[in-house]
Amino acid sequence: VQLQASGGGLVQAGGSLRLSCEASGSFSSPNTMGWYRQAPGKQRELVATLTSGGRTNSADSVKGRFTISRDNAKNTVYLQMNNLKSEDTAVYYCNMQTFRNYWGQGTLVTVSS
């Protein structure tokens with residue numbers, strides 16, 4: 001399984017970005033796809049996940065600002081990030097959980113204040 005993430009970049013505080021992650025290869029369903037992030041000097045943390053059945057889980061720090069969605073036909077998960085804050089600066093990693101745990105290569109999001 002390969003996870004190809006895209007959409008990171010530099011944005012001013014209050015701005016928006018949309019991350020995408022497409023899964024390819026052989027994997028089972030149902031599964032959970034989502035996003036984690038790791039800021040410099042910190043541990044990797046949950047941002048949001050979404051099961052193939054539509055159940056979501058997200059960090060309190062992003063609720064009301066970030067929206068996770070997925071297109072099961074395209075094996076793609078999206079993260080719409082609005083009202084970005086400097087503390088959202090991190091490398092964002094795409095994740096898929098089936099019977100195994102798969103990670104993408106990470107995409108850097110930098111929010112300037």
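Predicted model, so just to flag it, every value in this text is computed and none were measured.
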(message) Show, in sequence, the C-alpha distance, side-chain angles and deciding distance for T49 and T51, and conclude whether the side chain to side chain contact (heavy atoms under 4.5 Å, CB included) test is met.
(response) CA-CA 7 Å; T49 60; T51 71; over 6 Å; no
(request) Run the numbers on M33 and F27 for side chain to side chain contact (heavy atoms under 4.5 Å, CB included), then give the verdict. (result) CA-CA 12 Å; M33 296 186 73; F27 48 87; over 6 Å; no
(request) Show your reasoning for whether side chain to side chain contact (heavy atoms under 4.5 Å, CB included) applies to D71 and Y78. (result) CA-CA 8 Å; D71 185 333; Y78 307 96; 4.2 Å; yes
(message) Does R55 form a side chain to side chain contact (heavy atoms under 4.5 Å, CB included) with N57? I'd like the steps, not just the answer.
(response) CA-CA 7 Å; R55 185 165 54 192; N57 183 33; over 6 Å; no
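Remark: L84 CG to F66 CZ distance equals 5.0 Å, nearest 0.5 Å. One distance of note links CD of E45 with CD of Q38; it measures 9.5 Å at 0.5 Å rounding. Here the straight-line distance linking atom OG1 of T67 with atom CE of M81 works out to 11.0 Å at 0.5 Å rounding. If you take OG on S86 and CD on Q12, they are separated by 12.5 Å, rounding to the nearest 0.5 Å. To the nearest 0.5 Å, atoms OG (S16) and CG (N83) are separated by 8.0 Å. Distance check: Q4 CD to N75 CG gives 14.0 Å after rounding to the nearest 0.5 Å.
Counted within 6.0 Å of CD on Q2, heavy atoms from surrounding residues, nucleotides or ligands total 12 or fewer; the atom is thus considered open. In K63, the NZ atom is crowded: over 12 heavy atoms of neighbouring residues, nucleotides or ligands sit closer than 6.0 Å.
Between the side chain of S52 and the main chain of N31, a donor-acceptor pair closer than 3.5 Å is present. For the pair T56 (side chain) and L50 (backbone), a donor-acceptor distance under 3.5 Å is absent. Looking at Q105, its side chain does come within 3.5 Å of a backbone N or O of A5 through a donor-acceptor pair.
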For a quick test of your reading: what N or O donor-acceptor pairs under 3.5 Å do the side chains of residues 91-98 make, sequence neighbours left out?
from, atom 1, to, atom 2, distance (Å)
Y92, OH, R37, NH1, 2.9
Y92, OH, D88, O, 2.6
N95, OD1, Q97, NE2, 3.2
N95, ND2, N101, OD1, 2.8
N95, ND2, Y102, O, 3.1
Q97, NE2, Y36, OH, 3.4
T98, OG1, R100, N, 3.3

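Nearest approach of L10 to S112, heavy atoms of both residues: CD1-CB, 4.3 Å. Minimum interatomic distance between S20 and W35 (heavy atoms only, all atoms of both residues): O-CH2, 3.5 Å. For the residue pair S58 and V62, the shortest heavy atom distance occurs at CB-CG2, 4.2 Å.
Residues V109 and L19 meet the side-chain proximity criterion, which asks for heavy atoms closer than 4.5 Å.
Linking ILVMFWY side-chain heavy atoms closer than 4.5 Å, directly or via other members, places W103 and L46 in a single hydrophobic cluster.
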